[in-house]
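Hydrogens, waters and symmetry mates are skipped; everything else that's a heavy atom, side chains included, is used.
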Amino acid sequence: MKPEDLLRHPLPTQTSKLTLNCPLLDRLLHGGIPCGTITEIAAESGVGKTQFSLQLLLAAQLPAARGGLSASSLCLHSEFPFPVRRLHQLSLFYQSHIPNNPLDRIFIQPLQSPDHLLDLLSRLDSIISRLNIRLIVIDSIAALFRSEFDNTPLELKRRSSLFFKISSKLKYQAQKFGLAVVVTNQVVDVIESSGNLRIGNSGFLCSSGRRVCPALGLSWANCVNIRLFLWREEERVEEEGGDIGDIKARRFIRVIFAPHLPDCSCEFVIEREGVLGVNR
Amino acid sequence: MEVSSLPISASQRGKLISSGYTSLSSLSSVSPSQLAQDLKISENEALEILKVASRRSELDITDNGACAIVNGAQTAWDMLQEEESSVRITTSCSDLDDILGGGINCKEVTEVGGVPGIGKTQLGIQLAINVQIPADYGGLEGKAVYIDTEGSFMVERAFQIAEACIEDMQEYNSFLRKDSKDSQACQIRKDPKDFLDNIFYFRICSYTEQIAVINYLEKFVSEHKDVKAVVIDSITFHFRQDFEDMALRTRLLGGMALKLMKLAKTFNLAIILLNQVTTKYSEGSFQLTLALGDSWSHACTNRIILYWNGNERCAHIDKSPSMRSASAPYAVTGRGIRNCASNSKRVKMM
């Protein structure tokens with residue numbers, strides 16, 4: 001290997017992208033999740049991170065004509081249990097476009113700890129090419145790190161150096177094999193008195209009426225290329241006759257930062273057939 | 001230096017002298033269109049003459065260097081002359097250019113730091129495009145090396161910025177030559193694809209590769225003399241993973257910094273290093289600071305910090321030997337880095 005081998009000239013004209021299998025969401029992301037980089041989806045629980053992940057695991061198998069990568073996908077999950085029934089339900093909508101049973105080409109691996117993830121990633125190279133994997137989903141990165149570290153400077157340093165190791169490994173594999181890498185992240189509440197560091201397009205992220213920000217802090221934010229944020233707004237629907245109606249949740253997705261996307265957002269709903277953008 | 005020594009045709013020489021352009025210095029501050037008018041020749045021809053003249057005066061500078069006491073030494077006066085004549089790379093945001101004294105300077109290492117999403121990569125891509133602006137439009141007409149350590153360089157985005165850059169040049173063209181019949185002469189024959197072809201893109205996946213490519217740059221640039229800007233996005237990423245031996249890290253970074261400084265000087269090119277920010281624990285509290293530690297802050301000539309001021313993006317000159325510390329707002333738009341919308345409105349109102 002020589003330094004001149006790292007030169008890529010001329011540049012490819014297009015980055016390949018993985019569809020979200022919804023034209024509106026694809027439009028928001030200019031075609032989908034780009035390959036070769038790490039995309040983070042951050043949201044509080046119950047907004048739809050895992051729904052997005054499951055949808056992508058299936059979409060990766062779609063043929064290129066439908067915006068997929070016609071490849072297998074790998075899901076590393078740290079939030080238990082894995083929603084296999086929901087995955088099965090979703091897969092029924094993909095069967096007609098995919099030659100084999102879609103569930104056969106989704107590989108699932110539970111994660112126990114950050115070191116376990118790192119160990120797994122270092123053994124992944126041969127597996128990726130053997131199984132023709134083009135998508136890795138980690139759901140979620142925050143759950144791995146939540147309990148293991150104390151809030152002391154030394155521990156935080158150890159934690160952030162693990163972030164960079166994991167991210168660097170993922171980026172290496174992403175660019176070597178043309179993988180799309182999607183990492184979900186949880187959010188934490190923002191306490192007013194604490195220093196307010198703005199990262200990305202919005203200084204003020206709200207979900208369910210609470211001020212939140214993606215978990216794992218500034219050093220992890222340096223490790224991802226694209227950050228998407230999902231949030232929920234609750235609305236009381238007034239019924240006729242002045243009765244107090246149901247609480248209706250509306251869901252939104254927004255680009256917090258991305259090298260190729262402007263600040264934009266879109267409403268979405270979760271239906272039986274998956275996550276769908278809404279034009280309102 | 002007399003005009004008569006220039007390698008141009010006799011008729012051109014005659015026209016020059018009869019119009020009063022007898023010395024090389026008289027040609028140094030004249031625009032191609034003015035020269036064309038004075039000599040009653042086409043603008044292209046005028047441009048050719050100016051190019052020959054500027055090449056000759058560059059040679060003069062090196063000649064003077066040779067008779068200095070120590071080989072390669074220059075007097076401060078020569079250096080000042082050289083710096084004043086050097087072209088800077090515009091950032092496409094005039095407010096930012098103003099505080100930078102016209103843009104990013106060649107022969108210097110400029111570090112740009114800020115939080116994720118503030119626009120470091122955007123500025124990096126913008127500069128890789130802007131360094132290619134032709135000399136007729138006040139650019140360097142150079143090529144760029146882009147060293148991507150994070151995977152954030154997006155071809156689509158570079159294409160978009162290149163398209164906007166061409167549009168701006170066209171607009172400038174039609175504005176400048178509104179009543180000239182010679183408008184065909186300087187038509188832009190550039191395509192966004194050409195801009196992308198002039199970016200040498202290296203994708204780096206480890207710090208070993210990063211050091212190897214930086215060592216190789218000298219050879220690469222000497223083979224590609226038209227490279228005028230090197231962007232490293234980011235210098236930091238691979239150096240933040242678990243370096244047990246921090247002294248080794250400092251040594252590696254120090255060596256890299258020296259190489260880059262030397263490269264900038266020898267090949268007269270601008271080096272732009274993008275850096276991340278981190279929190280620093282001191283006196284019981286966490287503070288925001290650029291990554292890689294205190295010794296790294298000596299590695300660059302200029303240091304620009306990008307930050308949020310409310311809803312506005314701002315750039316602050318944190319370190320510079322020649323510019324005073326100042327801040328300016330900028331915006332990241334679909335067309336690239338530009339002035340803040342609110343600011344340009346203010347200008348229009350005046």
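Between B:C205 and A:Y172 the shortest heavy-atom distance is CB-CD1, 3.7 Å.
More than 12 heavy atoms of other residues, nucleotides or ligands shown are found within 6.0 angstrom of CG on B:D245. More than 12 heavy atoms of other shown residues, nucleotides or ligands fall within 6.0 angstrom of atom CG in A:D125. In this structure, A:R8 places its CZ atom where more than 12 heavy-atom neighbours from other residues, nucleotides or ligands lie under 6.0 Å away. Heavy atoms of other residues, nucleotides or ligands lying less than 6.0 angstrom from CG of B:L248 number more than 12. More than 12 heavy atoms of other residues, nucleotides or ligands shown are found within 6.0 angstrom of CG on A:D5. For CD of B:E218, the number of neighbouring non-hydrogen atoms (other residues, nucleotides, ligands) closer than 6.0 Å is 12 at most.
With rounding to the nearest 0.5 Å, the separation of OH in B:Y146 from CG in A:L7 is 15.0 Å. Note: A:K2 NZ to B:E209 CD = 15.0 Å, rounded to the nearest 0.5 Å. Atom CD of A:E4 sits about 13.5 Å away from atom CZ of B:F200, to the nearest 0.5 Å.
A:H9 contributes a side-chain N or O that, together with a main-chain N or O of B:D197, makes up a donor-acceptor pair within less than 3.5 Å. A donor-acceptor pair is defined here as one N or O able to donate and one able to accept, closer than 3.5 Å; such a pair exists between the side chain of A:N225 and the backbone of B:E150.
Put simply, the side chain of A:L218 reaches to within 4.5 Å of the side chain of B:P116, judged on heavy atoms. The closest side-chain heavy-atom distance from A:S219 to B:R240 is below 4.5 Å. Within the 4.5 Å cutoff, the side chain of B:R157 has no heavy atoms near those of the A:P259 side chain. Residues A:R198 and B:V115 fail the side-chain proximity criterion, which asks for heavy atoms closer than 4.5 Å. Using a 4.5 Å cut-off on side-chain heavy atoms (C-beta onward), A:T13 and B:K193 make contact. B:E156 has its side chain within reach of A:K17: a pair of non-hydrogen atoms, C-beta onward, lies under 4.5 Å apart. Using a 4.5 Å heavy-atom cutoff, the side chains of B:F153 and A:L11 are in contact.
Interface remark: B:I147 contributes no atoms to any contact with chain A (heavy atom separation under 4.5 Å). Interface remark: A:A174 contributes no atoms to any contact with chain B (heavy atom separation under 4.5 Å). Proximity to chain A (any heavy atom under 4.5 Å) is shown, for B:N215, by neither the backbone nor the side chain. In this structure, chain A has a heavy atom under 4.5 Å from the side chain of B:L288, while its backbone stays farther away. Using a 4.5 Å cut-off between heavy atoms, B:S152 touches chain A through backbone and side chain atoms alike. Contacts between A:P153 and chain B at a heavy-atom distance below 4.5 Å involve the side chain alone, from C-beta outward. Neither the backbone nor the side chain of A:L261 has a heavy atom closer than 4.5 Å to any heavy atom of chain B. At a 4.5 Å heavy-atom cutoff, the contact between B:V277 and chain A is made by backbone and side-chain atoms alike.
Contacts between residues 158-170 of chain A and chain B, defined by a heavy-atom separation under 4.5 Å, are made by A:S161, A:F164, A:K165, A:S167, A:S168. Residues of residues 114-124 of chain A never come closer than 4.5 Å to chain B when only heavy atoms are counted.
Ranked by non-hydrogen atom pairs under 4.5 Å with chain A, the options B:F159, B:W308, B:F237, B:Y307 are led by B:W308.
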Note to self: Would B:Y216 and A:L6 count as a side chain to side chain contact (heavy atoms under 4.5 Å, CB included) here? Give the steps.
What the structure shows: CA-CA 11 Å; B:Y216 165 66; A:L6 299 168; over 6 Å; no
